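Data block below; observations after.
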Amino acid sequence: MAPLAPSLRTAHTADLTSAELAAARGLLDAAFEGDFSDEDWEHALGGLHALIHDDTGLLAHGSVVMRRALHRGRWLCVGYVEAVAVRADARRRGLGGQVMGALERYVDGGYDFGALSASADGSALYAARGWQLWSGRISALGVDGVVHLPDEEGAVFVRPAAAAAGVLDPSDGLVFDWRDGDLL
């Protein structure tokens, strides 16, 4: 019997089984070589997941969750992309692009803009798909006010959706909502 071709599935966190969630977490732990924390995993939950399987198991994963960002005096809804990874033996086959394509459809249709914090390895994929490196200031709103995040600058990519076309202006910066662990 011929092997199954990879198939893409999108589902909300609530619709994933515990086995699917465990497989996704295992893939992310392996792909990030142990540098994927419990907080990183929590950031990937509560939104939409794109998963690619074949008969060997889970090949690729990514998710998009809702966040808020203050920009030009207005709070915007952000489709924040998290936890994008491809299993080591399945890389360079376009699976990361397929995951991103599924997530971008939701970002473009459901949010003011998309954002993500890219690793050095992932930057080329996002740039090739039209994501733009954010050149402005990056901050987060904490309990004591706005906290500048200079270490995040140069790694945040944005994808303006139709609703935010012409709205995003790097001279004003982005202030993201606070969360535990890595803020972006």
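Only this structure's heavy atoms are used, side chains among them; waters, hydrogens and symmetry mates stay out. Sequence positions, counted from 1, serve as the residue numbers for this chain. Everything numeric in this text was worked out from a predicted model, so none of it was measured.
- The cluster map of Ile, Leu, Val, Met, Phe, Trp and Tyr, joined by side-chain heavy atoms under 4.5 Å apart, puts Leu51 and Val65 in different clusters.
- Trp134 contributes atom CH2, which lies 4.0 Å from atom CG of Leu174 (distance to the nearest 0.5 angstrom).
- Judged by distance alone, with hydrogens and angles left aside, the side-chain atoms of Ser139 form no donor-acceptor pair with the main-chain N or O of Val175 at under 3.5 Å.
- With values rounded to the nearest 0.5 angstrom, Leu133 atom CG is found 10.5 Å from Glu153 atom CD.
- Both Tyr126 and Leu103 are assigned to one and the same hydrophobic cluster, defined by single-linkage of ILVMFWY side chains at heavy-atom distances under 4.5 Å.
- A heavy-atom distance below 4.5 Å is not found between the side chains of Trp178 and Val143.
- Few gaps surround CG on Asp89; more than 12 heavy atoms of other groups in view lie less than 6.0 Å from it.
- Relative to the six-membered ring of Tyr80, Arg179 meets both conditions, a distance below 6.0 Å and an angle of at most 45° to the axis.
- Residues Asp169 and His71 form a side-chain contact, since some pair of their non-hydrogen atoms from C-beta on lies under 4.5 Å apart.
- Both Val156 and Val147 are part of a single hydrophobic cluster, where members link through side-chain heavy atoms under 4.5 Å apart.
- Phe36 and Val64 are not part of a single hydrophobic cluster, where members link through side-chain heavy atoms under 4.5 Å apart.
- Residues Leu8 and Ala50 come closest through the heavy atom pair CD1-CB, 4.1 Å.
- A distance of 12.5 Å separates CH2 of Trp75 from CG of Asp112, quoted to the nearest 0.5 Å.
- Closest heavy-atom contact between Trp131 and Gly114: CZ3-C, 3.5 Å.
- Minimum interatomic distance between Met100 and Val81 (heavy atoms only, all atoms of both residues): SD-CG1, 4.1 Å.
- Looking at heavy atoms from C-beta onward, Thr56 lies in side-chain contact with Arg87 at the 4.5 angstrom threshold.
- Under a 3.5 Å cut-off, the side chain of His61 and the backbone N or O of Leu28 do not form any donor-acceptor pair.
- Here the closest non-hydrogen pair linking Ala60 and Val99 is CB-CG2, 3.7 Å.
- Not a single donor-acceptor pair under 3.5 Å links the side chain of Glu82 to the backbone N or O of Ser63.
- Residues Leu116 and Val84 have side chains not in contact (no heavy-atom distance under 4.5 Å, counting atoms from C-beta outward).
- Although no hydrogens or angles enter the test, the distance criterion places no donor-acceptor pair under 3.5 Å between the side chain of Arg159 and the main chain of Asp108.
- Looking at every heavy atom in both residues, Leu59 comes nearest to Leu27 through O-CD1, 4.1 Å.
- The CZ atom of Arg67 sits 12.0 Å away from the OH atom of Tyr111 when rounded to the nearest 0.5 Å.
- Pairs engaging residues 9-28 under the salt bridge (charged side-chain N to carboxylate O under 4.0 Å, His left out) rule: Arg9-Glu20, Arg25-Asp29, Arg25-Asp38 [sequence neighbours left out].
- Both Leu95 and Leu125 belong to a common hydrophobic cluster when Ile, Leu, Val, Met, Phe, Trp and Tyr are linked at side-chain heavy-atom distances under 4.5 angstrom.
- The shortest side-chain heavy-atom distance between Pro6 and Arg93 falls under the 4.5 Å cut-off.
- The aromatic rings of Trp41 and His49 sit tilted, their planes meeting at an angle between 30° and 60°.
- Under a 3.5 Å cut-off, the side chain of Thr13 and the backbone N or O of Leu45 do not form any donor-acceptor pair.
- Note that CG of Leu16 and CG of Leu48 are 9.0 Å apart. Values are rounded to the nearest 0.5 Å.
- For Arg91, there are no salt bridge (Lys or Arg N to Asp or Glu O under 4.0 Å) partners at least two apart in sequence or on another chain.
- Partners of Arg68 under the side chain to side chain donor-acceptor pair (under 3.5 Å) rule, at least two apart in sequence or in another chain, do not exist in this structure.
- Scanning all heavy atoms of the two residues, the minimum distance from Thr10 to Tyr106 falls at OG1-OH, 3.8 Å.
- Once rounded to the nearest 0.5 Å, the distance linking CG of Leu168 with CG of Leu76 reads 7.0 Å.
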